[in-house]
Colleague: 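Can you read through this structure? Questions will come right after.
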Amino acid sequence: MMQLNQALAFTNMYKDLIFWDRISAEFLVPNVTFRLEFGSEKSFDLPFMVVSKLFWIFSQIGLHRIHFLHTGIAEKLSEKEEGGILFNSSDAFIYTHLYQDESLMIRHNTIQSIEFDSKSKITEWTIKFVKFEEFRKTASEEIDSDEFIWGFPKRVLEYLEVALVMNSVLPDQTSWLTWFYTYI
């Protein structure tokens, strides 16, 4: 019984906004440049405040587990004054397991570029989504393809659209957070 409770607590951590805020604070600098590119169709430059909320929104509408796998890695020292490392992965994957029973897994093929500062925090991160594949537990399960764009739930991309507009028009982070809490 204790193992079951621990497993439930582990899977529920994704649904905790504070968890995503802590992950963002631990691995990203506050002025991070986080860019998502969906082929040549669409791209989003996300400020720090939007990043943790993006993962939280994703977890609220189905994200159960997420894995990042990098291959084809090239590293070099950053040419910026404060030092750091540039990390490029020409062949990276993001595995997202959706829904409580993990009935859907989406594998995104990506190209990623990550820059770390001298304290090993991410200062720039670009993820270019090249293609994706869906894997279902059973072939009979049908998930409405209109609900997904580039392998992401449509509501996640809608959140990004609205959040970036609101982030650009609101005067400060407190106003942005007030908007976010009313949005959700």
Colleague: Could you see if Phe19 belongs to whatever hydrophobic cluster contains Phe27? Use Ile, Leu, Val, Met, Phe, Trp, Tyr and a side-chain cutoff under 4.5 Å.
Modeller: yes
Colleague: Taking a hydrophobic cluster as the set of Ile, Leu, Val, Met, Phe, Trp and Tyr residues connected by side-chain heavy atoms closer than 4.5 Å, whether directly or through intermediates, do Leu63 and Trp150 fall within one such cluster?
Modeller: yes
Colleague: Using side chain to side chain contact (heavy atoms under 4.5 Å, CB included), reason through Ser59 and Trp20 one step at a time and then give a plain yes or no.
Modeller: CA-CA 10 Å; Ser59 72; Trp20 291 111; 4.0 Å; yes
Colleague: What distance separates Ile85 CD1 from Glu75 CD, expressed to the nearest 0.5 Å?
Modeller: 5.5 Å
Colleague: Between the side chain of His97 and the main-chain N/O of His67, is any donor-acceptor distance below 3.5 Å?
Modeller: no
Colleague: So, taking the atom named CE in Met166 and the one named OG1 in Thr178, what distance separates them when rounded to the nearest 0.5 Å?
Modeller: 10.5 Å
Colleague: Are Arg35 and Ser43 close enough, and set up right, to give a side-chain hydrogen bond (donor to acceptor under 3.5 Å, both in side chains), and what steps lead you there?
Modeller: CA-CA 7 Å; Arg35 183 174 178 81; Ser43 63; 3.0 Å; yes
Colleague: Any salt bridge between Glu161 and Lys42, counting N to O under 4.0 Å?
Modeller: yes
Colleague: Got Glu134 and Met105 here, is their nearest side-chain heavy-atom distance under 4.5 Å?
Modeller: no
Colleague: Quick one: does Phe132's side chain get under 4.5 Å of Asn109's, heavy atoms only?
Modeller: no
Colleague: Is the distance between the ring centroids of His70 and Phe93 under 6.0 Å?
Modeller: no
Colleague: Go through the steps for Asp117 and Thr123 under the test side-chain hydrogen bond (donor to acceptor under 3.5 Å, both in side chains), then give the verdict.
Modeller: CA-CA 6 Å; Asp117 67 9; Thr123 58; over 6 Å; no
Colleague: If you define the side chain from C-beta out and look only at heavy atoms, does anything of Phe148 sit under 4.5 Å from Leu104?
Modeller: yes
Colleague: If you round to the nearest 0.5 Å, how far is NZ of Lys53 from CZ of Phe48?
Modeller: 8.0 Å
Colleague: Between CZ of Arg107 and CD of Glu133, what distance do you get to the nearest 0.5 Å?
Modeller: 4.0 Å
Colleague: CD1/Ile61 to NZ/Lys154 distance, rounded to the nearest 0.5 angstrom?
Modeller: 12.0 Å
Colleague: Would Arg22 and Ile18 count as a side chain to side chain contact (heavy atoms under 4.5 Å, CB included) here? Give the steps.
Modeller: CA-CA 6 Å; Arg22 285 182 181 158; Ile18 294 170; 3.7 Å; yes
Colleague: Between Ser90 and Ile111, what is the shortest heavy-atom contact and its length?
Modeller: O-CG1, 3.6 Å
Colleague: Using the rule that two of Ile, Leu, Val, Met, Phe, Trp, Tyr join whenever any of their side-chain heavy atoms come within less than 4.5 Å, decide whether Val162 and Leu46 are in one cluster.
Modeller: yes
Colleague: To the closest 0.5 Å, what do you measure between CG (Leu54) and CD1 (Ile57)?
Modeller: 8.5 Å
Colleague: If only atom types and distance count, is the side chain of Thr110 paired as donor or acceptor with the main-chain N or O of Lys128 below 3.5 Å?
Modeller: no
Colleague: Determine whether Leu170 and Leu177 fall in the same hydrophobic cluster, where Ile, Leu, Val, Met, Phe, Trp and Tyr are linked whenever their side-chain heavy atoms lie under 4.5 Å apart.
Modeller: yes
Colleague: Short question: side chain of Thr71, backbone of Asp91 - any donor-acceptor pair under 3.5 Å?
Modeller: yes
Colleague: I want to check something: taking the side chain as every heavy atom from C-beta on, are Leu36 and Phe34 in contact at a cut-off of under 4.5 Å?
Modeller: yes
Colleague: Tell me which one of Tyr159, Phe129, Phe55 satisfies ring pair (Phe, Tyr, Trp, His ring centres under 6.0 Å) with Phe152.
Modeller: Phe129
Colleague: Please tell me if the side chains of Tyr181 and Leu17 come closer than 4.5 Å, counting only heavy atoms from C-beta onward.
Modeller: yes
Colleague: Side chains of Glu115 and Trp125: do they bring a donor and an acceptor to under 3.5 Å?
Modeller: no
Colleague: Any non-hydrogen side-chain atom of Val32 less than 4.5 Å from a side-chain atom of Val29?
Modeller: yes
Colleague: Backbone N or O of Pro30 within a donor-acceptor pair of the Lys121 side chain at under 3.5 Å?
Modeller: no
Colleague: Could you walk me through whether Asp21 and Ser24 pass the side-chain hydrogen bond (donor to acceptor under 3.5 Å, both in side chains) check?
Modeller: CA-CA 5 Å; Asp21 287 341; Ser24 294; 5.7 Å; no
Colleague: Flag the pair Glu37 / Phe44 as yes when at least one side-chain heavy-atom distance between them is below 4.5 Å, and no otherwise.
Modeller: no
Colleague: When you look at His108 and Ile106, which way does the side chain to side chain contact (heavy atoms under 4.5 Å, CB included) test go after all the steps?
Modeller: CA-CA 6 Å; His108 285 98; Ile106 298 175; 3.5 Å; yes
Colleague: I need the minimum non-hydrogen distance between Thr96 and Phe58, along with the two atoms involved.
Modeller: CG2-CE2, 4.1 Å
Colleague: Test of understanding: clusters of I, L, V, M, F, W, Y form through side-chain heavy atoms closer than 4.5 Å, transitively. Do Leu28 and Phe68 belong to the same one?
Modeller: yes
Colleague: If we only count heavy atoms from C-beta on, is the Asn88 to Ile73 side-chain gap below 4.5 Å?
Modeller: no
